[in-house]
Participant: 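Attaching a single structure in structure tokens format; questions to follow.
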Amino acid sequence: MTGTDMRNEAEDSGPSGYAAARLHLLTEEARSGPPRRAALADLTDDWLAGLFAPGAEGARGVSLVAVGGYGRAELSPRSDLDLLLLHDGGDPEAVAALADRLWYPVWDLGLDLDHSVRTPAEARRTAGQDLKVQLGLLDARHLAGDLGLTTSLRTTVLADWRNQAPKRLPALRELCEERAERQGELQYLLEPDLKEAHGGLRDATALRAVAASWLADAPREGLADARRRLLDVRDALHLTTGRATDRLALQEQDQVAAELGMLDADVLLRQVYEAARVIAYAGDVTWREVGRVLRSRAVRPRLRAMLGGKPVPERSPLAEGVVEQDGEVVLARAARPERDPVLPLRAAAAAAQAGLPLSLHAARRMAATARPLSTPWPAEAREQLVTLLGSGRPTVQVWEALEAEGLVNSLLPDWERVRCRPQRNAVHLWTVDRHLIETAVRASAFTRRVHRPDLLLVAALLHDIGKGWPGDHSVAGEVIARDVAARIGFDRHDVTVIATLVRHHLLLVETATRRDLDDPATVRAVADAVGTQGTLELLHALTEADALATGPAAWSSWRASLVADLAERVRAALSGDAPEGPEEATPTAEQERLAIEAVATGAPVLSLRARTEPSAAPSDDPEPLGVELRIAVPDQEGVLPAVAGVLAMHRLTVRTAELRAVDLPDGVDGSVLLLDWRVAAEYGSLPQAARLRADLVRALDGSLDIAARLGERDAAYPRRRGVVAPPPRVTVAPAASRHATVIEVRAQDAPGLLFRIGRALEDAGVRVRSAHVSTLGANAVDAFYVTQEQGVPLPGEEAVAVARKLEETLRG
């Protein structure tokens with residue numbers, strides 16, 4: 001039966017004819033998706049037009065209007081009919097009779113009907129009072145009667161919507177947020193509501209309303225297809241259940257998948273999640289744009305200046321090639337993604353650290369033009385990934401922006417297998433990919449508990465990566481993690497640690513809850529699997545982060561105490577002789593030359609040397625790895641804070657640093673401190689070595705007040721608070737060395753951090769015998785070997801007091 005035949009049958013046979021034609025259409029296998037929805041709308045249009053006024057299509061003063069989903073011609077098999085009978089108020093009795101002639105046949109067929117009878121003025125007034133009514137009228141479509149009446153109402157309603165957009169759009173956003181709070185996020189729910197959940201069909205309709213306001217528009221790429229997929233699933237759900245439902249219940253998912261020709265319910269859910277993710281991301285971008293437009297209208301720069309407000313810089317730098325503009329992270333004008341393969345990770349890390357969203361346009365530009373990273377990755381790329389993962393809650397929205405534009409898959413090809421993958425376990429709140437990011441977010445709070453936060457964060461990202469493969473996901477994940485960690489650029493030892501963490505990420509919690517901890521064989525088995533105390537420390541933190549990211553049912557104080565008890569027993573089993581501290585290395589020829597020159601001149605001597613790594617393409621320039629800064633200074637007080645302060649003044653980020661006394665050749669008198677640093681400019685170019693040396697001389701002789709200079713800069717350009725990092729932790733390492741007291745500092749890296757640490761240690765009256773500083777992503781992990789003036793370790797109570805005072809200083 002053709003579409004024309006069905007319309008003729010509906011017109012000729014009344015309600016029963018329409019019902020037969022409708023049934024035939026819904027059971028016709030050759031037609032589904034948008035064509036079937038459009039055909040169903042056309043069929044219904046013709047039937048209702050026939051009911052409206054046989055032979056009086058052009059009747060004046062009254063019209064029949066489809067609104068809402070029916071107005072968009074998107075009729076699913078069990079959709080209700082949203083109808084407005086519009087009239088000019090001239091003959092109320094005739095309008096009432098017409099309404100009866102329309103509504104009763106619809107009810108007789110058992111169709112759901114949402115109807116109203118209003119004059120244009122009443123419709124306009126109701127729309128002004130009820131946002132949902134106004135949204136429905138934005139999709140008004142003429143069905144029968146006075147076309148001019150319908151057209152006039154459409155024009156008026158659209159004009160009202162655009163004029164009132166500054167007031168109505170915030171209210172619409174609030175409705176969307178309230179609904180998301182009630183219904184949850186469609187892209188993660190095992191039994192999602194396709195319409196009401198965040199990222200569902202209601203949000204897609206809200207984006208259409210925003211576009212109709214002319215105030216902002218949603219990213220269009222992929223949005224129409226995502227909306228179509230959700231509508232197709234709803235159609236199949238209606239057909240398989242025979243009910244007007246939007247909730248995709250577990251027991252119906254296999255049938256719905258079969259109706260759509262999909263392999264199984266997991267494939268169905270994954271497609272639903274992917275569509276919801278596109279809509280949710282488009283909503284986030286669109287609502288940010290709405291907020292930005294409304295703010296710019298509310299506060300005009302010229303008026304702000306007249307009122308004496310502080311001028312706000314339009315673009316403030318965050319990292320090399322990355323700036324903040326109007327509450328988003330965008331690319332600097334001079335940025336060249338096609339020549340800077342690390343830029344996507346650098347921009348993402350800067351955005352997460354600042355707690356800002358990554359601009360849609362920046363993400364798309366980088367996705368389109370950035371060239372692939374070399375294998376293994378440059379050190380900066382690895383550091384930026386760790387910084388991104390360690391940024392806490394803001395990591396989620398930045399990662400979603402990268403994922404929406406395909407950047408995650410280009411960086412980590414193995415990610416595609418876990419992307420949007422459902423977890424059919426009531427304990428799990430998230431899909432596999434979101435669970436991995438949530439675990440990294442949770443692990444970021446534990447970076448002060450471990451010596452290698454970078455390994456913890458990367459293991460958190462990869463611990464369930466094997467769930468995209470057949471077999472035991474821990475076994476498969478170990479192989480994948482080993483490959484990914486090597487590609488990222490970790491050395492062989494670190495790769496082994498990450499692979500071990502992935503392989504055994506369930507070991508502690510399963511052993512603690514299922515085995516006898518008093519049995520030595522239990523502890524020995526865990527110790528053999530873990531291997532070292534450092535790996536155990538990381539595994540303990542990963543276990544807790546994984547459980548917390550799973551859901552509230554996966555972690556409890558009881559489980560935590562059992563895991564902690566097991567970890568302590570394994571730690572005791574693994575303990576051996578503590579290291580004595582770093583061995584004194586024989587100075588190189590260059591180090592010896594610098595030391596002799598420092599003794600001869602009585603002043604600091606320094607050298608700067610760029611380090612590079614080969615790029616992926618042989619014809620390209622080498623990629624910068626950082627700059628080696630080597631300084632020799634005659635032994636004196638205040639060397640560490642002076643050097644660190646000068647570097648902070650020049651906006652140089654310290655990646656690694658070592659300080660130690662160097663042995664001079666026979667016949668050369670004096671004592672020299674040697675400082676080896678790897679530094680990089682926060683943004684811009686590096687300062688000249690001569691300028692660094694001049695400022696260092698002034699800092700050491702007291703003519704340069706570094707603290708005041710840094711304070712002035714911070715006051716002039718206050719740093720964005722960004723992420724709330726875990727508080728700093730300062731501890732005394734027990735029995736770490738017989739020759740010095742070892743004070744360990746773990747804190748959020750920040751400009752001037754090493755200067756503050758060095759000055760606090762100097763103020764405490766201790767000498768820094770050697771220092772070992774490393775920055776792992778955004779985390780500083782430092783060890784300072786300190787002594788009394790006489791060169792002996794600090795007494796126990798004094799060491800604890802120094803550590804406590806230093807921690808208080810850093811917290812302040």
Participant: Measure the spacing between CD of Gln423 and CG of Leu190 and express it to the nearest 0.5 Å.
Facilitator: 9.0 Å
Participant: Evaluate whether atom CZ of Arg452 has more than 12 neighbouring non-hydrogen atoms of other residues, nucleotides or ligands under 6.0 angstrom away.
Facilitator: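 More than 12 within 6.0 Å, yes.
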Participant: Main chain of Ala572, side chain of Ser575: is a donor-acceptor contact present, judged purely on distance under 3.5 Å?
Facilitator: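 Pair found, side chain donor or acceptor close to backbone of Ala572.
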Participant: For a 4.5 angstrom cut-off between non-hydrogen side-chain atoms, does Pro219 reach Glu405?
Facilitator: no
Participant: Closer than 4.0 angstrom, basic N to acidic O: yes or no for Asp246 and Arg202?
Facilitator: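 The answer is no: the pair does not qualify as a salt bridge.
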Participant: Would you confirm whether Arg729, through its side chain, and Arg448, through its main-chain N or O, come within 3.5 Å as a donor-acceptor pair?
Facilitator: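 Judged by distance alone, yes, a pair lies under 3.5 Å.
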Participant: So for atom CD, which belongs to Glu191, do other residues, nucleotides or ligands contribute more than 12 heavy atoms lying within a distance under 6.0 Å?
Facilitator: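 Check passes, neighbour count above 12.
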Participant: Before you tell me yes or no, could you show the steps for Arg382 and Asp494 under salt bridge (charged side-chain N to carboxylate O under 4.0 Å, His left out), namely the whole-Å CA-CA distance, both residues' side-chain angles and the distance that decides it to 0.1 Å?
Facilitator: CA-CA 13 Å; Arg382 184 173 65 254; Asp494 291 347; over 6 Å; no
Participant: Search all heavy atoms of Ala545 against all heavy atoms of Thr439 and return the closest pair with its distance.
Facilitator: CB-O, 3.7 Å
Participant: Do Ser76 and Arg234 meet the criterion of a side-chain donor-acceptor pair at a distance under 3.5 Å?
Facilitator: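 Present: a donor and an acceptor within the cut-off.
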Participant: Using a 4.5 Å cut-off on heavy atoms from C-beta on, say whether the side chain of Leu230 contacts that of Val272.
Facilitator: yes
Participant: Around atom CZ of Arg571, are there more than 12 heavy atoms from other residues, nucleotides or ligands closer than 6.0 Å?
Facilitator: yes
Participant: Should the pair Arg569-Asp565 be classified as a salt bridge under the 4.0 Å nitrogen-to-oxygen rule?
Facilitator: yes
Participant: Measure the spacing between CG of Leu455 and NE2 of His493 and express it to the nearest 0.5 Å.
Facilitator: 8.5 Å
Participant: Apply side-chain contact (heavy atoms from CB on, under 4.5 Å) to Leu207 and Leu223, showing your working.
Facilitator: CA-CA 10 Å; Leu207 293 178; Leu223 188 58; 4.0 Å; yes
Participant: Do Arg247 and Asp193 have side chains that approach each other closer than 4.5 Å (heavy atoms only, starting at C-beta)?
Facilitator: yes
Participant: Taking the side chain as C-beta and beyond, is there a heavy-atom pair between Asp203 and His198 under 4.5 Å?
Facilitator: yes
Participant: State which residue, out of Glu744, Glu544, Glu537, fulfils the salt bridge (charged side-chain N to carboxylate O under 4.0 Å, His left out) condition with Arg449.
Facilitator: Glu544
Participant: side-chain contact (heavy atoms from CB on, under 4.5 Å), that's the test. Do Glu383 and Arg346 meet it? Break it down for me.
Facilitator: CA-CA 9 Å; Glu383 290 163 356; Arg346 191 186 310 122; over 6 Å; no
Participant: Taking CD in Gln251 as the centre, count heavy atoms belonging to other residues, nucleotides or ligands within less than 6.0 Å. Is the count above 12?
Facilitator: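 Check passes, neighbour count above 12.
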Participant: Mind listing the closest non-hydrogen atom pair of Gly489 and Pro376 along with its distance?
Facilitator: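 Result for this residue pair: CA-CB, 3.7 Å.
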Participant: Let me confirm one number: the NE2-CZ distance from His463 to Arg503, rounded to the nearest 0.5 Å.
Facilitator: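 The distance works out to 14.5 Å.
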Participant: Supply the atom-to-atom distance Leu172 CG to Glu174 CD, rounded to the nearest 0.5 angstrom.
Facilitator: 10.5 Å
Participant: Quick one, Arg421 and Thr431 - any side-chain contact, counting heavy atoms below 4.5 Å?
Facilitator: no
Participant: Thinking salt bridges, do Asp284 and Arg288 make one under a 4.0 Å N-O criterion?
Facilitator: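 Answer for the salt bridge query: no.
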Participant: What are the two closest heavy atoms between Tyr273 and Leu189, and how far apart are they?
Facilitator: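 Heavy atoms of Tyr273 and Leu189 come nearest at OH-O, 2.6 Å.
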Participant: Looking at every heavy atom in both Ala549 and Trp430, which two are closest together, and how far apart are they?
Facilitator: O-CD1, 3.2 Å
Participant: Would you call Arg393-Glu438 a salt bridge at under 4.0 Å N-O?
Facilitator: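 Between Glu438 and Arg393 there is a salt bridge, with a charged N closer than 4.0 Å to a carboxylate O.
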Participant: Salt-bridge test for Glu808 and Arg804: reply yes if a basic N is under 4.0 Å from a carboxylate O, no otherwise.
Facilitator: no
Participant: Under 3.5 Å, is there a donor-acceptor pair between the side chain of Thr511 and the main chain of Leu508?
Facilitator: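 Here the side-chain-to-backbone pair does not exist.
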Participant: Evaluate Arg277 against Glu400 for side-chain contact (heavy atoms from CB on, under 4.5 Å), listing each step before the verdict.
Facilitator: CA-CA 9 Å; Arg277 191 165 293 190; Glu400 287 175 348; 6.0 Å; no
Participant: Set out, in order, the CA-CA distance, both residues' side-chain angles and the distance that settles salt bridge (charged side-chain N to carboxylate O under 4.0 Å, His left out) for Arg228 and Asp232, then state yes or no.
Facilitator: CA-CA 6 Å; Arg228 177 194 60 75; Asp232 288 351; 2.7 Å; yes
Participant: Report yes or no: does Thr205 contribute a side-chain atom to a donor-acceptor pair with the main-chain N or O of Leu201 at less than 3.5 Å?
Facilitator: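 Answer holds: yes.
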Participant: Checking side chain to side chain contact (heavy atoms under 4.5 Å, CB included) against Val484, which of Leu462, Val479, Val495 comes through?
Facilitator: Leu462
Participant: Could you point out which residue of Thr500, Leu501, Val502, Leu506 forms a side chain to side chain contact (heavy atoms under 4.5 Å, CB included) with His504?
Facilitator: Thr500
Participant: How close do Trp377 and Leu411 get, counting heavy atoms only, and between which atoms?
Facilitator: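 For Trp377 and Leu411, the tightest heavy-atom pair comes out as CZ2-O, 3.6 Å.
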Participant: Side chains of Asp464 and Val418: does their closest heavy-atom pair fall under 4.5 Å?
Facilitator: no
Participant: Measure from the side-chain N and O atoms of Glu807 to the backbone N and O of Val730, and report whether any donor-acceptor pair falls under 3.5 Å.
Facilitator: yes
Participant: How long is the straight-line distance from CZ of Arg417 back to CD1 of Ile480, given to the nearest 0.5 Å?
Facilitator: 7.5 Å
Participant: Within the structure provided, determine whether Thr550 and Leu429 are in side-chain contact (heavy-atom separation under 4.5 Å).
Facilitator: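 When only atoms from C-beta onward are counted, Leu429 and Thr550 do not touch, as no gap falls below 4.5 Å.
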Participant: For the pair Glu178 and Leu175, evaluate side-chain contact (heavy atoms from CB on, under 4.5 Å) and give the outcome as yes or no after the intermediate values.
Facilitator: CA-CA 5 Å; Glu178 289 174 355; Leu175 276 180; 4.1 Å; yes
Participant: Scan Thr447, Thr387, Asp454 and name whichever one has a side chain to side chain donor-acceptor pair (under 3.5 Å) with Asn779.
Facilitator: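 Of Thr447, Thr387, Asp454, side chain to side chain donor-acceptor pair (under 3.5 Å) with Asn779 is met by Thr447 alone.
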Participant: Could you grab the distance from atom CG of Leu776 to atom CZ of Arg746, nearest 0.5 Å is fine?
Facilitator: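 It comes to 11.0 Å.
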Participant: Report yes if the side chains of Glu274 and Arg229 come closer than 4.5 Å at any heavy-atom pair, otherwise no.
Facilitator: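 SC-SC contact between Glu274 and Arg229 confirmed.
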Participant: Is a donor on one side and an acceptor on the other found under 3.5 Å between the side chain of Ser391 and the backbone of Pro394?
Facilitator: no
Participant: Taking all heavy atoms of Arg559 and all of Ala554, pick out the closest pair and write down the distance.
Facilitator: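 The pair with the smallest heavy-atom distance is CD-O, 3.5 Å.
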Participant: Can we say Asp433 and Lys467 salt-bridge, meaning some charged N sits less than 4.0 Å from an Asp/Glu carboxylate O?
Facilitator: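 Lys467 and Asp433: not salt-bridged.
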